[in-house]
Undergrad: 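Quick one: the structure is below, questions incoming.
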Amino acid sequence: MKLDLLNNKWIDIVFEGRNKSYGAYDLRKKNTSTNIRAFIIGAFIFSLGIAAPVIINMLPDSSSEDDEIVTKVTSVKLPPKEEKPKENIPPPPPPPPKVDQVKFVKPVVAKTNEVTEEPPKVEEIKDKNIGKEDIKGDPNADLVLTPPGDGPKQAEVTEDNTIYNSAGIEVKPEFPGGIQKWYSFLKNNFSAPDEPGLKGKVIVSFVVEKDGSLTDIKVLRDIGFGTGKEAERVLRKGPKWTPAEQNGKKVRCSFIQTFSVETPEE
């Protein structure tokens, strides 16, 4: 018996008595149709690759169409500019009349035979200006005097009463002796109330004026029992500060002080 490999009958002979529902039988059964399909797809792709350059050359070139576009430019004649009428500017005043000037000769000690020019006499320069050279003036010229002006106006000096913040000031206000002296002053002068177990913070704001005095004292936080009034009393009792400075000038500056209050328990 001659075996034909192109015929699918040999598959039945190989799988005779075996499980044909297994995937290997189905793959070999469809092998011929699979090969034909693969050959057709491969031939199509190969033909498409060969014919691609020909197809591209057959497509119309869009750049040639762009070259045919002609832009039409229309010239528009603008109306002439309107010339503004010249203002009546008064003519400049005539120059002052020329005054006779006599050349000033610097006196130099020289020998008699070296003197080339004698200095003018006092009578010759009595009513004349002294210049670098001799100039003859016009005695018949009109003398024009322009009225004096008011001169440049001075800017009004306004006092700076702005209240600056101590955090951004150039020179901060300072208690006499420094910050440690300030803390010692508060500790020695603040009297805590006779209230056992009292604990908290009293916050007070004030303004250091240009003369160093403290004004606008305000209690921002009070824990009661007269602690706020006591803090205000201590601030009013203190000496004057060194004022703050901004741009080299004394200015008003705000300041915030915290009093820590803690009394022993019974």
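Note: hydrogens, waters and symmetry copies are ignored here, and every other heavy atom, side chains too, is used.
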Undergrad: Cluster question for you: counting only ILVMFWY and a side-chain heavy-atom cut-off of under 4.5 Å, with indirect links fine, are I179 and I256 together?
TA: no

Undergrad: Given V251, which of E209, Q246, E170 fulfils the side chain to side chain contact (heavy atoms under 4.5 Å, CB included) condition?
TA: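 Of E209, Q246, E170, side chain to side chain contact (heavy atoms under 4.5 Å, CB included) with V251 is met by Q246 alone.
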
Undergrad: Under the criterion side chain to side chain contact (heavy atoms under 4.5 Å, CB included), which of E232, K237, E230 is the partner of V234?
TA: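 Filter result, single survivor: E230.
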
Undergrad: Does F259 share a hydrophobic cluster with L198, counting links as ILVMFWY side-chain heavy atoms below 4.5 Å and allowing steps through other members?
TA: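 F259 and L198: one cluster.
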
Undergrad: Enumerate donor-acceptor pairs with a distance under 3.5 Å from any side-chain N or O in residues 238-245 to protein atoms, sequence neighbours excluded.
TA:
none

Undergrad: In Å, rounded to the nearest 0.5 Å, how long is the span from CG of L186 to OG1 of T258?
TA: 10.5 Å

Undergrad: Could you state the interatomic distance from CG (D160) to NZ (K249), rounded to the nearest 0.5 Å?
TA: 8.0 Å

Undergrad: Is Q257 close to W182 at the side-chain level, that is, under 4.5 Å between some pair of heavy atoms?
TA: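 A side-chain contact under 4.5 Å exists here.
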
Undergrad: Going through the distances and angles, do N161 and E159 end up as a side-chain contact (heavy atoms from CB on, under 4.5 Å)?
TA: CA-CA 6 Å; N161 291 322; E159 188 177 0; 3.8 Å; yes

Undergrad: Supply the atom-to-atom distance S205 OG to L220 CG, rounded to the nearest 0.5 angstrom.
TA: 4.0 Å

Undergrad: Shared ILVMFWY cluster between F255 and L214, side chains joined below 4.5 angstrom?
TA: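 Yes: a chain of side-chain contacts under 4.5 Å links F255 to L214.
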
Undergrad: Would you call K181-E174 a salt bridge at under 4.0 Å N-O?
TA: no

Undergrad: Report the distance from atom CD1 of I169 to atom SG of C253, rounding to the nearest 0.5 Å.
TA: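 Spacing of CD1 (I169) from SG (C253) equals 5.5 Å.
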
Undergrad: Under 4.5 Å between side-chain heavy atoms, counting indirect links through other Ile/Leu/Val/Met/Phe/Trp/Tyr residues: same cluster for I203 and V219 or not?
TA: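 Hydrophobic grouping puts I203 apart from V219.
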
Undergrad: Would you check, one step at a time, whether the test side-chain contact (heavy atoms from CB on, under 4.5 Å) holds for T227 with D222?
TA: CA-CA 7 Å; T227 54; D222 191 354; 2.7 Å; yes

Undergrad: Does a sphere of radius 6.0 Å around CZ in R221 hold more than 12 heavy atoms from other residues, nucleotides or ligands, not counting ones at 6.0 Å or beyond?
TA: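 No.
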
Undergrad: Is any side-chain heavy atom of F39 closer than 4.5 Å to one of I41?
TA: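 I41 vs F39: side chains apart.
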
Undergrad: Please assess V202 against V261 for the test side-chain contact (heavy atoms from CB on, under 4.5 Å), listing each intermediate value before the final yes or no.
TA: CA-CA 7 Å; V202 179; V261 181; 4.2 Å; yes

Undergrad: For atom NZ of K210, decide whether the heavy atoms of other residues, nucleotides or ligands shown that lie under 6.0 angstrom number more than 12.
TA: yes

Undergrad: Show the nearest heavy-atom pair for residues S254 and N165, with the distance to one decimal.
TA: OG-CA, 3.7 Å

Undergrad: Applying salt bridge (charged side-chain N to carboxylate O under 4.0 Å, His left out), run through K199 and E265 and close with a yes or a no.
TA: CA-CA 10 Å; K199 185 177 181 181; E265 298 181 356; over 6 Å; no

Undergrad: Say you draw a straight line from CZ of F206 to CG of D216; how long is it, rounded to the nearest 0.5 Å?
TA: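 The CG atom of D216 is 11.0 Å from CZ of F206, to the nearest 0.5 Å.
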
Undergrad: Within the 4.5 Å heavy-atom criterion, are L235 and V204 side-chain neighbours or not?
TA: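 Yes, close enough: below the 4.5 Å cut-off.
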
Undergrad: Step through the shown structure and confirm whether more than 12 heavy atoms of other residues, nucleotides or ligands are within 6.0 Å of CG on D211.
TA: yes

Undergrad: Could you tell me whether the side chain of S47 reaches within less than 4.5 Å of the side chain of I45, counting heavy atoms only?
TA: no

Undergrad: Does a donor on one side chain sit under 3.5 Å from an acceptor on the other, for T263 and E195?
TA: no

Undergrad: Between F185 and I217, is there a shared hydrophobic cluster once you connect ILVMFWY residues whose side-chain heavy atoms come closer than 4.5 Å?
TA: yes

Undergrad: Using the rule given for side-chain contact (heavy atoms from CB on, under 4.5 Å), can you reason through F46 versus L48, listing the C-alpha separation, both sets of side-chain angles and the distance that settles it, and then say yes or no?
TA: CA-CA 5 Å; F46 180 77; L48 184 61; over 6 Å; no

